[in-house]
Amino acid sequence: MAAIRIVDVTDEASFGLVPPCADPRFDHRTCDYWEDADRGSKSSRPGWLKASDTSGQLASRKPSLADNPFAPVERKAFNPFAPAEDRPRFADPFADEDEAPIDNPFAPRRQARPSVAGDAPRKLQMLGRGLAVFGSYAKAMLVDEEPVGYVQFGPLSAYPRALRLRELYPQLPESPLPAVITCIATVAESRHQRYALGLVEAVCEDLAARGFAAIEAYPEAGADPDATSAATPEFWLRARFTLVIDDARFPWLRRELD
């Protein structure tokens with residue numbers, strides 16, 4: 001029996017497990033179609049898979065907002081409640097002049113939040129922009145340790161193209177806002193083995209545990225299965241989604257989470 005493992009894509013090691021698209025013109029690892037509503041593309045862009053040219057410079061300093069546009073802004077002002085690494089140290093008036101300042105034992109300590117390095121591939125930076133608050137935005141499926149499937153998801157606010165499409169249908173509920181699955185795919189050799197359905201179930205369980213009440217998907221009717229990242233309406237119906245809006249081009253499907 002095949003061993004199935006599902007991995008959250010949160011760092012370069014797990015990002016390396018994202019399988020290739022069935023159509024080589026496209027690439028999950030360089031797709032920003034949903035993140036960029038105006039210029040986003042699903043096309044394969046090999047240059048995006050390389051680390052930033054500034055990686056050598058980053059070795060001697062902390063990543064900044066310029067290195068990673070999705071990283072939280074680094075605070076510079078004094079804050080007595082900031083994590084230990086950001087707090088000024090107290091001078092001991094009884095210490096020798098050459099002794100190092102002591103840490104403030106009364107200030108609260110906070111564990112470092114997960115983040116993606118500033119020189120990581122661009123798509124990985126996108127997938128990691130919500131790690132500190134939301135958690136992972138993607139999962140990869142391995143069968144006998146071979147990558148066979150990929151799914152991208154997250155809060156609706158993370159995907160401007162989904163927000164724009166959803167605005168076309170004012171009859172959709174505005175509250176609570178759903179999570180979305182933007183991409184679901186398996187490699188061509190693993191089609192019709194229900195792996196993609198297994199990935200959807202894993203995401204639904206994950207998002208329910210994170211407090212979401214519903215999840216939506218936006219397939220393109222009539223699209224080539226190898227050329228679309230959002231599967232087909234028929235697939236989502238098999239995944240226990242309900243057809244909410246039967247649009248000729250962009251039908252709307254939704255599943256309530258337990």
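As the structure is a computational prediction, the values presented were derived from the model and not from experiment.
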> Quick one: sort the Phe134 and Phe153 rings into parallel, tilted or perpendicular, breaks at 30° and 60°.
tilted
> Do Glu220 side-chain atoms and Arg249 backbone N/O form a donor-acceptor pair below 3.5 Å?
no
> Can you name the one residue among Val7, Val148, Ile4 that meets side-chain contact (heavy atoms from CB on, under 4.5 Å) with Leu142?
Val7
> Within this structure, what is the CG-CG distance for the pair Leu49 and Leu124, rounded to the nearest 0.5 Å?
11.0 Å
> Quick one: does Gln125's side chain have a donor or acceptor within less than 3.5 Å of a partner on Ala120's backbone?
yes
> Under 3.5 Å, is there a donor-acceptor pair between the side chain of Arg129 and the main chain of Ala158?
yes
> Please check this pair: side chain of Arg161 against backbone of Tyr33, looking for a donor-acceptor N/O pair closer than 3.5 Å.
yes
> Can you find a pair of side-chain heavy atoms, one from Val244 and one from Tyr169, that are under 4.5 Å apart?
no
> Count the heavy atoms belonging to other residues, nucleotides or ligands that lie under 6.0 Å from CD of Gln171, then report whether that count exceeds 12.
yes
> Taking all atoms of both residues into account, what is the closest heavy-atom pair of Ala162 and Leu156, and its distance?
CB-CD1, 3.9 Å
> Are Val187 and Phe26 connected, step by step, through hydrophobic side chains (Ile, Leu, Val, Met, Phe, Trp, Tyr) whose heavy atoms are closer than 4.5 Å?
no
> What closest approach, in Å, do Glu35 and Lys123 show between heavy atoms, and which atom pair accounts for it?
OE2-NZ, 2.8 Å
> Please say whether more than 12 non-hydrogen atoms of neighbouring residues, nucleotides or ligands are located less than 6.0 Å from CZ in Arg191.
yes
> With no hydrogens and no angle check, is any side-chain donor or acceptor of Arg240 less than 3.5 Å from a backbone partner on Arg255?
no
> Any side-chain heavy atom of Leu17 sitting closer than 4.5 Å to one from Val9?
no
> Working note: Glu216 + Arg166, criterion side-chain contact (heavy atoms from CB on, under 4.5 Å); need CA distance, chi angles, decisive distance, verdict.
CA-CA 10 Å; Glu216 294 179 351; Arg166 202 174 192 274; 3.0 Å; yes
> Looking at side-chain heavy atoms only, is the closest gap between Ser43 and Arg25 below 4.5 Å?
no
> Locate the shortest heavy-atom distance separating Ala248 from Ala221; write the atom from each residue and the value.
O-CB, 3.5 Å
> What are the two closest non-hydrogen atoms of Glu256 and Ala214, and how far apart are they?
OE1-CB, 3.7 Å
> Tell me, do Phe235 and Pro219 make a side-chain contact under 4.5 Å, heavy atoms counted?
no
> To the nearest 0.5 Å, how far apart are CG in Asp8 and CG in Leu127?
11.0 Å
> Tell me if the centroids of the rings in Tyr159 and Trp34 come within less than 6.0 Å of each other.
no
> Within this structure, what is the CZ-CG distance for the pair Arg164 and Asp38, rounded to the nearest 0.5 Å?
4.5 Å
> How close do Ile6 and Gly198 get, heavy atom to heavy atom, and via which atoms?
CD1-O, 4.3 Å
> Check whether any side-chain heavy atom of Cys204 sits under 4.5 Å from a side-chain heavy atom of Ile215, and report yes or no.
yes
> Nearest 0.5 Å please: distance from the SG atom of Cys183 over to the OH atom of Tyr137.
14.0 Å
> What distance separates Tyr218 OH from Leu253 CG, expressed to the nearest 0.5 Å?
10.5 Å
> Which heavy atom in Trp48 sits nearest to a heavy atom in Asp32, and how many Å separate them?
CH2-OD2, 3.6 Å
> Are Tyr150 and Met141 close enough, and set up right, to give a side-chain contact (heavy atoms from CB on, under 4.5 Å), and what steps lead you there?
CA-CA 6 Å; Tyr150 171 77; Met141 175 180 279; over 6 Å; no
> Give, for atom CG of Leu257 and atom CZ of Arg210, the distance between the pair rounded to the nearest 0.5 Å.
12.0 Å
> Within the structure provided, determine whether Arg29 and Pro121 are in side-chain contact (heavy-atom separation under 4.5 Å).
no
> Using a cut-off of 6.0 Å, state whether more than 12 heavy atoms not belonging to Asp144 lie near its atom CG.
yes
> Under 4.5 Å between any side-chain heavy atoms of Met126 and Gln152, yes or no?
no
> Could you tell me whether the side chain of Lys139 reaches within less than 4.5 Å of the side chain of Asp206, counting heavy atoms only?
yes
